[in-house]
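Below is one structure, written out as structure tokens, with a few remarks after it.
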There are 2 protein chains.
Amino acid sequence: MSEARATLKDVARRANVAVSTVSRVLNGRPGVGTAVRERVLQTIDDMQFRPNTIARGLRIQRSDTIAIVTDDLEGIFTNAMMRGVEEVAWEAGVGVLLCNTYGDAERERAQLARLLDKQVDALIFMSGNRVGRRAEPAVPIPDGVPMVYLYEYGDPSVASVLPDDQGGAEAAVAHLVETGARRIALLNGPSEWEATQDRLHGYERSLASAGLPLSDELVVPSASWDPEDAFAAMGMLLAASPPIDAVFCASDDLATGAVHAIREAGLRVPEDVQVVGFDDRSLAVHQRPALTTVALPLLEMGRCAGRLVLDGINGEAPVPGIRRIPCELRVRASTRPKAVGP
Amino acid sequence: MSEARATLKDVARRANVAVSTVSRVLNGRPGVGTAVRERVLQTIDDMQFRPNTIARGLRIQRSDTIAIVTDDLEGIFTNAMMRGVEEVAWEAGVGVLLCNTYGDAERERAQLARLLDKQVDALIFMSGNRVGRRAEPAVPIPDGVPMVYLYEYGDPSVASVLPDDQGGAEAAVAHLVETGARRIALLNGPSEWEATQDRLHGYERSLASAGLPLSDELVVPSASWDPEDAFAAMGMLLAASPPIDAVFCASDDLATGAVHAIREAGLRVPEDVQVVGFDDRSLAVHQRPALTTVALPLLEMGRCAGRLVLDGINGEAPVPGIRRIPCELRVRASTRPKAVGP
DNA sequence: TTGAAAGCGGTACCAT
DNA sequence: ATGGTACCGCTTTCAA
């Protein structure tokens, strides 16, 4: 039924030129007379010719494909990052292959082997939700294949893209200060997570630059990221005296638990204690009150990682080291809009 | 530094055999003496030879790659489905390419053109969140390329995979009946969504088979999937008399709004009115009370779609028509555990 | 400016 | 049971 796809050779024959000529016009290379070029272009159009990328790839040793290797395809944060990667890859005409390793080294080994066999041009290692630093790739990555870590903490000799947790925390606390809060608590994440340290530092810096005292009793890590544990941790914070008037939570889930605890204690948000979260998951905006939170720049992180490897493909090896992408504060109803007079 | 990758030819030379022989052992084809086979295998191992998939693909006209084309990569339901596809594809040794069209036909056209140039072996059209039927692919898909719709409503002549919305709704209502509920309301989704009809039917069937009367005043569609609109809609349901003792909501978000309205009315969940949702988003389990809900079989849907196209690649063209994947009821705390005596 | 031909790294048919 | 070799579809010297 449907004709076999036209090949370059078919076009050449039909246009009465050599295949090399067709190839030249196809790639916009010089050395083709205007008349001939016109004719070839016309023929290409007539025959609906589309070059076979595989053949081209075989010849020039490029697959125009990069791969995202992740340990958790269903991770809460993966979509947005993937979209960022896909977006810039698309613009560059390269495809994005997906790989889920389930965090299993053996599987990662197999996946990488296969990807390398497929001649992927570059690799992005993306974390779904990782605690601690990732091990080096389960298979040595050949020199020519650029790779970057996306939301992964690992060997500093590889380029990696991370959110600016510290900056985000600073912005959150600064906002709280502006709204008049003075006793600002930090309901932090479990301490073994990398981001936890960074957010603590941001908190501390922001307090310091506002001339506010740092108090150990105002900082408590939650046992996990679960709202339930946050609920418990918030209990301690609520026992502080003098009482706190704001709490910065290291995630939206934690904030959910915190809000719950605050209400349970007969207090109001934001009138009695203001709350700001981190991540800006969709639940943040739907919560009551809508949660002021620090948005993770996932899309931009994906784009950044994509650009890095794309540049890498074009020769500029990604320079090692960490890129911190700024987080944006989204002010909503769980904090007061402006400073309140004394 | 790193040696160029060994090729089949290199192996042949080193093992003192013809390339065709190496190819034979590589593909486990018969017609190779045991001794020679041994030697070749050994050489392959020694040289760390791995066949170039691109070259192979060029020759046998297969890329061992399928593509997921979606209108919304960040859709709430996409991850799990993608993982299902990736999972079965992986087992079959085929890669999964990702494409986001943003629901834009022009972009879809460009994407498909590119994918076809890349010789993808099959296509899965996946919806992020679609209302109504999708248009046919923006580019005619060649005969040899199997395709399936995943969570897409569209041309019935293409194989498509959908959740069994009706069955899920039936199960939800049946559960409510078992727990003793008699005045069961349906807080449905916006009526222009396909699933809304199906869930209504399930509700009706389940009620009928329980011998319970159907009452128009107990069925109200929400203006949108937003919890806020559900809150409003729930107001009407709460005004019914005699009062309802349970509500089946067509989504977890709707259920969130419903629970809120119920509480606002001074009623308790599940003591006064039981609530069941649909989807089983992560918020369902974290909600208070934890939400009984009908889980969308996203992973299995992805697997199913994957298997369909994979079979298609191997010759068995996916038979047209809709596959309904069963939904599973997850009983939690927003419904009573068992029937309560009179 | 244009064409011929040698690959890229495999597969598969045809001899031997 | 093996080897030789013509492709797959495109790029890229090298000559003309």
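Chain letters run A, B, ... following the sequence lines, proteins first, then strands; residues in each count from 1. All values reported here derive from a predicted model rather than from experimental measurement.
Proximity of B/V17 to B/V32: side-chain heavy atoms (C-beta onward) are nowhere separated by under 4.5 Å. Taking 4.5 Å as the limit, every side-chain heavy atom of B/R323 sits out of range of all side-chain heavy atoms of B/M301. Within the 4.5 Å cutoff, side-chain heavy atoms of B/L73 are placed close to those of B/M82.
For the segment residues 44-56 of chain A, no residue has any heavy atom less than 4.0 angstrom from an atom of DNA chain C. A heavy atom lying under 4.0 Å from DNA chain C marks none of the residues of residues 31-40 of chain B.
Protein atom NZ of A/K9 is 10 Å distant from nucleotide atom P of D/dC10, rounded to whole Å. As rounded to whole Å, 9 Å separates atom P of D/dG3 from atom CG of B/N16. B/L8 places its CG atom 14 Å from the P atom of D/dG4, with the value rounded to the nearest Å. Look at CZ on B/R62: it is 14 Å from C1' on C/dT11, rounded to the nearest Å.
For the OP1/OP2 pair of D/dG9 and a distance below 4.0 Å, the side-chain nitrogens and oxygens of B/Q61 include at least one atom meeting the criterion.
Looking at A/T65, its side chain never comes within 3.5 Å of a backbone N or O of A/G95 through a donor-acceptor pair. At least one donor-acceptor pair under 3.5 Å links the side chain of B/R39 to the backbone N or O of B/A15. Judged purely by atom type and a 3.5 angstrom limit, A/E108 uses its side chain to pair as donor or acceptor with the backbone of A/A138.
The neighbour count for B/E106 CD, taken as heavy atoms of other residues, nucleotides or ligands under 6.0 Å away, is above 12. For CD of B/E136, the number of neighbouring non-hydrogen atoms (other residues, nucleotides, ligands) closer than 6.0 Å is 12 at most.
With respect to the salt-bridge test (charged N to carboxylate O, under 4.0 angstrom), the residues A/D10 and A/R13 qualify.
If you check every strand for non-hydrogen atoms under 4.0 Å, B/D117 touches nothing. Among the atoms of the strands shown, none is found under 4.0 Å from any heavy atom of A/D10.
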Distances for protein N/O vs nucleotides 12-16 of chain D N/O pairs under 3.5 angstrom?
unit_1, atom_1, unit_2, atom_2, d
D/dT12, OP2, A/R29, NH2, 3.0

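Here D/dT11 is the nucleotide among C/dG10, D/dT11, D/dG9 with the atom lying nearest to any side-chain atom of A/L26.
Side-chain atoms of B/T53 and B/D64 form no donor-acceptor pair, as typed in the model, at a separation below 3.5 Å.
Of all the heavy atoms in A/Y149 and A/G154, the pair that sits closest is CE1-CA, 4.0 Å.
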